[in-house]
Amino acid sequence: MVIRLHNSLTRSLEELQPLQPGRVTMYHCGPTVYSSPHIGNFRSFLFADVLRRFVEDQGYAVTQVMNVTDVGHLTLDDIEGGEDKMEAASRKTGLTAWDIARKYEAEFHACQQALHVRLPHHMPRATDFIQEMGVIIDDLLQKGVAYQRNGNVYFEVAKFPAYGRLSGKVLDELEAGARVAVNEEKKDPRDFALWKVDAKHQMQWDAPWRDGARGFPGWHIECSAMSTHYLGEQIDIHTGGEDNMFPHHECEIAQTEAHTGKRFVSIWLHARHLLVDGTKMSKSLGNFFTVADILQRGYTGLELRYALVRVQYRQTLNFTLKGLDEARAAIARVHGARQRLVRIREGREAAGGDDLDGAVASANAAFTAAMSEDLNVSEALAAVFEFVNVCNKAQPSVAGAKAGLSAFARFEDVLGCFGPEPVPGAVADAPAELQDLLAERTAAKQAKDWARADALRDRIAAAGWRIVDTAQGPRLEPV
RNA sequence: GGUCCCGUAGCCGAGUGGUUAGGCAACGGAUUGCAAAUCCGUUUACCCCAGUUCGAUUCUGGGCGGGACCUCCA
């Protein structure tokens with residue numbers, strides 16, 4: 001099936017046509033590791049994860065690179081009162097910039113695990129690619145599209161006519177609307193830094209090119225260096241949050257294409273920011289959630305993942321705690337349908353005669369069609385839930401149960417928000433004491449001692465198991 | 001000020017020039033000792049005003065409202 005994606009560069013849906021048949025290269029702008037990852041960060045990263053999973057589902061071999069920005073990308077000269085993120089965190093906490101970077105990088109990885117992210121094949125740190133950045137900077141200097149001033153190196157935007165195309169910025173207007181202090185050093189206010197010199201900066205390197213001054217890299221150059229290193233000069237897909245479109249990606253295009261002379265990226269994808277309770281998430285409004293905040297409230301990573309993934313990436317997602325409760329209920333519905341199919345497959349529940357072949361085929365087709373059209377997860381989920389309904393109504397055969405489970409396994413493989421296949425659930429699977437309680441409860445029911453029966457049921461429920469009464473007798477299922 | 005996106009039932013959210021999205025919640029029924037789960041059924045829709053059209057929630061224009069970007073940001 002043809003995969004169509006909305007290319008930000010052309011503002012239209014485009015067919016994914018990999019540079020190499022059967023192989024897709026993806027680069028994702030990753031975290032800047034100066035604070036704890038929040039749910040907004042992970043909306044973007046989960047989008048990248050689902051994209052990778054679906055492209056793989058469609059038979060492509062994917063190579064995925066996500067950078068870790070562990071050196072600051074904001075400089076005093078660029079913004080009035082601005083300060084490097086890493087340096088600012090260091091000043092506030094007393095930790096070194098390096099400690100800050102490693103601490104939050106570790107947090108980021110923990111969140112990836114909690115949210116069931118399939119890890120990118122490479123997650124390079126910017127600080128490990130200073131040499132590679134230097135090679136590009138040197139080349140840009142040689143080509144005359146970058147220039148040095150007091151050790152600082154700037155890219156000369158006027159030398160790259162396509163600058164502004166991705167974000168739709170008209171160059172003349174950028175100056176008028178700029179809210180930055182004029183940097184007298186630059187030839188043009190729009191020029192951006194490739195290399196900065198600042199004696200106060202904790203992270204410093206000797207400039208990796210001849211006659212360069214000791215300093216640190218500008219923000220944008222790391223992505224050019226790392227994507228080129230791992231994926232080559234041209235890549236199929238590049239993603240990021242919508243805020244990255246300008247200036248970051250605009251600058252990436254300029255410096256990379258000036259360096260290689262080739263088109264850098266085929267398809268640019270940008271994830272829309274989420275809102276919380278209808279407004280922009282911010283610490284001052286008290287609607288700011290880190291991933292850890294949500295987990296501490298008792299929601300699972302799976303539930304958070306569902307809540308963040310269920311809306312198509314280009315739509316504004318309104319995140320609410322109620323939405324997490326809905327996610328929990330929705331996952332439980334899928335879980336229940338899968339659990340019954342497992343019981344039938346394992347011979348723990350009577351099988352019927354439905355092979356489910358037609359239902360499986362149409363659910364898969366609808367799911368694929370939805371995902372192929374710019375990753376329409378909402379529509380894909382509708383296909384999943386319609387399939388849940390069909391399965392629940394059917395009397396599946398053992399083969400039907402297997403077929404149904406394979407469909408659910410595929411949906412899980414792509415979306416990752418339903419969890420692994422449930423265990424069958426039977427009295428024999430429960431701890432012995434719960435089996436004893438269940439036997440007591442059955443006896444109480446036979447004696448029509450309803451109060452005692454209900455009390456025993458509550459005790460079993462408190463232990464995390466649910467009693468399901470059937471015509472064949474009670475069954476215990478882990479909740 | 002410039003550029004761009006959105007406005008669908010109680011909530012979240014698909015989609016379409018005429019015909020059922022889906023989830024959550026609520027209500028009624030089946031089932032149950034009562035529940036849970038499941039199934040069946042039901043209720044509240046397409047921001048406002050013009051225009052195009054046989055017909056618009058869907059296209060066009062205007063208005064109102066919300067949001068994003070314009071060198072921190074996913």
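Every chain is numbered from 1 and lettered A, B, ... according to where its sequence line falls, protein lines coming before strand lines.
- In this structure, of A14(B), C70(B), G33(B), it is A14(B) that holds the atom nearest to the side chain of Val311(A).
- Remark on RNA chain B: of its neighbouring residues Ala451(A) and Ala382(A), the 5'-side contact belongs to Ala382(A), judged by nearest-heavy-atom nucleotide.
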Exercise. Determine, stepwise, if the pair Leu302(A) / His116(A) fulfils side-chain contact (heavy atoms from CB on, under 4.5 Å).
Key: CA-CA 7 Å; Leu302(A) 207 60; His116(A) 301 243; 3.8 Å; yes
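- Taking 4.0 Å as the cut-off between side-chain N and carboxylate O, Arg149(A) and Glu185(A) do not count as a salt-bridged pair.
- Closest to the Glu379(A) side chain, of the nucleotides A74(B), G15(B), C34(B), is G15(B).
- Between Arg441(A) and Asp469(A) a salt bridge is recorded (basic side-chain N to carboxylate O distance below 4.0 Å).
- Atom name C1', nucleotides G2(B) and A50(B): the rounded distance is 28 Å, in whole Å.
- Between Arg333(A) and U38(B) there is a side-chain polar atom (N or O) within less than 4.0 angstrom of OP1 or OP2.
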Quiz item: Given Watson-Crick or G-U pairs with both distances under 3.5 Å, what dot-bracket string fits RNA chain B, with | for other-strand pairs and [ ] for crossing?
Solution: (((((((..(((.....[...))).(((((.......)))))....(((((..]....))))))))))))....
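- Separation of the P atoms belonging to G61(B) and G66(B) is 22 Å when rounded to the nearest angstrom.
- Straight-line distance between the P atoms of U20(B) and C49(B): roughly 26 Å, to the nearest whole Å.
- Comparing atom distances between the Asn318(A) side chain and each of C70(B), G13(B), C39(B) picks out G13(B) as nearest.
- Across all strands shown, His270(A) has no heavy atoms under 4.0 Å from either base or sugar-phosphate atoms.
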List, one per line, each side-chain donor-acceptor pair under 3.5 Å for residues 442-450 of chain A, sequence neighbours excluded.
unit_1    : atom_1 : unit_2    : atom_2 : d
Thr442(A) : OG1    : Leu438(A) : O      : 2.9
Asp449(A) : OD1    : Arg452(A) : N      : 3.3

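- Distances shorter than 4.0 Å separate some side-chain N or O of Lys393(A) from OP1 or OP2 on C40(B).
- Between the side chain of Asn287(A) and the backbone N or O of Val276(A) there is at least one donor-acceptor pair closer than 3.5 Å.
- Applying the ring-ring contact (aromatic ring centres under 6.0 Å, His included) criterion to Phe418(A), with sequence neighbours excluded, gives no partner residue.
- Of all nucleotides listed (C40(B), G23(B), G22(B)), G23(B) comes nearest to the side chain of Ala330(A).
- Contact annotation: Lys280(A) side-chain N/O to C69(B) OP1/OP2 distance is under 4.0 Å.
- With A74(B), G67(B), A37(B) as the choices, the nucleotide that has an atom nearest any side-chain atom of Thr32(A) turns out to be A74(B).
- The phosphate of C39(B) has OP1 or OP2 within less than 4.0 Å of a side-chain N or O from Asn389(A).
- The side chain of Ala453(A) has G33(B) as its nearest neighbour among C70(B), G33(B), A74(B).
- Look at Asn376(A) and you'll find a side-chain N or O under 4.0 angstrom from OP1 or OP2 of G15(B).
- The side chain of Arg457(A) approaches G33(B) more closely than any other nucleotide in the set G13(B), A74(B), G33(B).
- Exactly one of Phe155(A), Tyr154(A), Phe160(A), Phe246(A) qualifies for a ring-ring contact (aromatic ring centres under 6.0 Å, His included) with Phe192(A). That residue is Phe155(A).
- C54(B) and U44(B) have their C1' atoms separated by 30 Å, given to the nearest Å.
- Look at Trp450(A) and the base of G33(B); the rings stack, centres closer than 5.5 Å and planes less than 30° apart.
- Not one N or O on the side chain of His28(A) forms a donor-acceptor pair closer than 3.5 Å with the backbone of Gly30(A).
- Annotation: U58(B) and A21(B) have their C1' atoms spaced 15 Å apart (nearest Å).
- Of the candidates G33(B), C5(B), C73(B), G33(B) carries the atom nearest the Arg441(A) side chain, counting heavy atoms from C-beta on.
- In the set G13(B), C11(B), G67(B), C11(B) carries the atom at the smallest distance from any side-chain atom of Lys322(A).
- Across the interface with RNA chain B, nearest-nucleotide mapping of Ser167(A) and His273(A) shows Ser167(A) to be the residue nearer the 5′ end.
- In this structure, the nucleotide among C69(B), A21(B), G23(B) sitting nearest to the side chain of Phe385(A) is G23(B).
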